[in-house]
S.K.: 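Let me give you the structure first, and then I'll get to my questions.
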There are 2 protein chains.
Amino acid sequence: MSYRVDRNSGYAQVPAAITAGLSRLNVAPLCVAAGTDIQHEGDAAQTVYLVESGWVASYTDLSQGQRQILYLHQAGDIAGFADLGSKTTTCSLRSQRDSVLFPIPIAMLKSPEFLSGATIAALFEKYAQMQSILMRTLAAVGRMEARHRIVWLILMLHDRVADDTGDEMFEIPLNQSEIGDFVGLTNVSVSKMFSRLSEEGYIERKGSKIVVRRLSDMQNMIGYQSIHYRPEPMFAPAQGRSHKRALNN
Amino acid sequence: MSYRVDRNSGYAQVPAAITAGLSRLNVAPLCVAAGTDIQHEGDAAQTVYLVESGWVASYTDLSQGQRQILYLHQAGDIAGFADLGSKTTTCSLRSQRDSVLFPIPIAMLKSPEFLSGATIAALFEKYAQMQSILMRTLAAVGRMEARHRIVWLILMLHDRVADDTGDEMFEIPLNQSEIGDFVGLTNVSVSKMFSRLSEEGYIERKGSKIVVRRLSDMQNMIGYQSIHYRPEPMFAPAQGRSHKRALNN
DNA sequence: CGGATGTTTGACTTTGATCAATGGAAGTGG
DNA sequence: CCACTTCCATTGATCAAAGTCAAACATCCG
């Protein structure tokens, strides 16, 4: 697996090629406290946000007051990209934790100055990864029973947050109502499912943190396939080695 | 809205900039009959497919035999992009109707030959649009009751297939079980919802085709916002003026 | 301490799933 | 042309999973 990174947030970080592009633009970082509304559905679409650290949620509110969280952006993700082609934004953004963002004006994003070959490659890769995660979310929400959705959420976050320290404890940057808004349940169901999973020894809960105790049992329960970040850059076909089997288990 | 196009499939078509990139690659079109499996989950990820005409579905099968249709690709869409960064594909592809595809090897997709400025622009725009539709799907599936999901599906397809001929009849390229696999219901529920919508005069059914009879009532029912394709190309590549500000028209 | 925020639990209700039978349309082969 | 099959859609009866409602409990914090 390799790909270790220093930061405590696991190995998610802004790809070097994007950092490089960014440095050419002279964009100032933006620090936001947890719970800040960064963008509201319907605003003019002018900026995308590259997450440097923290957690940001993309969500949308439906006509009958229900909310759907569409994506949890971690370090290295770009929020707001879906609105690149529209006049107004179609989703809202909110920081779930204290976060640092780089607001990139769309005009700049499209400038040749930013779009060097390596940066384009990194962006494509990022978008592919986000699309893949979105699709997995859709499959979980569309076709799994409540219990399995929660297991899926835990495994997905565990996967995205994983580091090699062996410390398996991590935090879900959502409260139970928000978890419900993410996986299509109510806070009550979420609470019940968590309690059951805890009773049955699949997870252990310490405050808002979680330890996965029976990882492979949970993976088997829902047939979970690990999200594998590519250990080698997309545009450097390079030596075959590495992820032979990264998958299953 | 403008943007009329000749073909009978409404105004969806392959963006010119992508056609241009394609012509530099010498890719032969691939004709597939309706119901053909084009790619299976787990295959090596080597190719993406640009849809020239027809309908292609991306789907995934879950461990307990359930299927989730993730995306309906129409002319101009690219299927398989989510696997750009992985070794094996995470979704399967199937033609829902007779279709013509351009299989683009990923190595070629990444070649500078294909990736001219205008082609990059068109790809970004396409991905943004697909991400946006995926997010809307997720919101519908995650947070709407059965009846509203069906209404959403009809409106979404109506939107994507719309042309200006005033002929409001269109075909859903899915049978009722597949519709269920798309919006997270069973075929039985889908049948009941369609029957009710028809009784109530929202739609009219002629064989496998549909006419929307009370469009704005349906839009109000679920607070539907039209997917708006941008009336002008994002990078305005053709006439020199290139990337100045193309956006927020 | 009081207030805000979030979680847990139980009683009850509802939506959509499941099961099963029926019917229709299209295609095939004799 | 008629049996026969296959694939799909429809309908009704029943059931179960998750939603709703409401109250209690926990934590945190000034």
S.K.: Please tell me which of the listed nucleotides, C:dT9, C:dG16, D:dG19, lies nearest to the side chain of A:S195?
M.R.: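 In terms of side-chain proximity for A:S195, the closest of C:dT9, C:dG16, D:dG19 is C:dT9.
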S.K.: To the nearest Å, give me how far apart CG (B:N187) and C1' (C:dC19) are.
M.R.: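 Rounded to the whole Å, the gap is 12 Å.
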S.K.: For the residue pair A:F182 and A:W152, does the interplanar ring angle fall in the parallel (under 30°), tilted (30 to 60°) or perpendicular (over 60°) class?
M.R.: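 Plane angle between 30° and 60°, so tilted.
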S.K.: From C-beta outward on A:K192, which listed nucleotide comes closest to its side chain: C:dT7, D:dT20, C:dG16?
M.R.: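 Of all the options, the side chain of A:K192 is nearest to D:dT20.
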S.K.: Nearest whole angstrom, please: distance from the C1' of D:dT10 to the CG of B:N175.
M.R.: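 After rounding, the reported distance stands at 14 Å.
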S.K.: Rounded to whole Å, how long is the line connecting atom NZ of B:K206 with atom C1' of C:dA25?
M.R.: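 It is 19 Å, rounded to the nearest whole Å.
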S.K.: I'd like to check B:I150 versus B:I179 (side-chain heavy atoms, cut-off strictly below 4.5 Å). Are they in contact?
M.R.: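 Of all side-chain heavy-atom pairs linking B:I179 with B:I150, at least one is under 4.5 Å.
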S.K.: Start at the 5' end of DNA chain C and walk down; is the nucleotide closest to A:S191 or to B:T186 reached first?
M.R.: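 First, find each residue's nearest nucleotide; the 5'-ward one identifies A:S191.
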S.K.: Identify, between B:Q176 and A:L185, the residue whose nearest nucleotide on DNA chain D lies closer to the 5' end.
M.R.: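 Per heavy-atom nearest nucleotide, the more 5' residue is B:Q176.
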S.K.: What contact category does A:V188 fall into here, base, sugar-phosphate, or nothing, at under 4.0 angstrom with non-hydrogen atoms?
M.R.: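 Counting heavy atoms under 4.0 Å across all strands, the contact made by A:V188 includes a base.
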S.K.: Between D:dA13, C:dG16, D:dA18, which one does the side chain of A:A146 approach most closely?
M.R.: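 Per side-chain heavy atoms of A:A146, the pick is D:dA18.
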S.K.: Separation of B:I150 atom CD1 from D:dA9 atom P, in whole Å?
M.R.: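 So the CD1-P distance, B:I150 to D:dA9, works out to 12 Å.
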S.K.: Calculate the interatomic distance between B:D181 atom CG and D:dC8 atom P; express it in whole Å.
M.R.: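 Roughly 12 Å, once rounded to whole Å.
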S.K.: In whole Å, I'd like the distance from the CD atom of A:Q66 to the P atom of D:dA18.
M.R.: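 It is 17 Å, rounded to the nearest whole Å.
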S.K.: If you check every side-chain atom of A:E145, which of D:dA18, C:dT18, C:dG16 has the closest atom?
M.R.: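 Within the option list, the nearest is D:dA18.
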S.K.: Side chain of B:S189 only, please: which of D:dA18, C:dG10, C:dA17 is the nearest?
M.R.: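 Of D:dA18, C:dG10, C:dA17, C:dA17 is nearest to the side chain of B:S189.
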S.K.: Students often get this wrong, so: under 4.0 angstrom with heavy atoms, is A:G184 touching a base, only sugar-phosphate, or nothing?
M.R.: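 It contacts sugar-phosphate atoms only.
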S.K.: Rounded to whole angstroms, how far apart are CE on B:M144 and P on D:dG19?
M.R.: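 To the nearest whole Å, that distance equals 16 Å.
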S.K.: Rounding to an integer number of Å, can you tell me how far B:R143 CZ sits from D:dG19 C1'?
M.R.: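 From B:R143 CZ to D:dG19 C1': 10 Å.
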S.K.: So A:L30 and A:V32, do their side chains get closer than 4.5 Å, heavy atoms only?
M.R.: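 Yes; the side chains approach each other to less than 4.5 Å.
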S.K.: Is the distance from OP1 or OP2 of D:dT10 to the nearest side-chain N or O of B:R205 less than 4.0 Å?
M.R.: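 Indeed, a polar side-chain atom of B:R205 lies that close.
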S.K.: Answer yes or no: is there an ion pair linking A:E200 with A:R147, defined by an N-O contact shorter than 4.0 Å?
M.R.: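 Looking at A:R147 together with A:E200, the answer is yes, because their closest N to O distance falls below 4.0 Å.
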S.K.: Does the side chain of B:M218 come within less than 4.5 Å of B:V151's, by heavy atoms?
M.R.: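 SC-SC contact between B:V151 and B:M218 confirmed.
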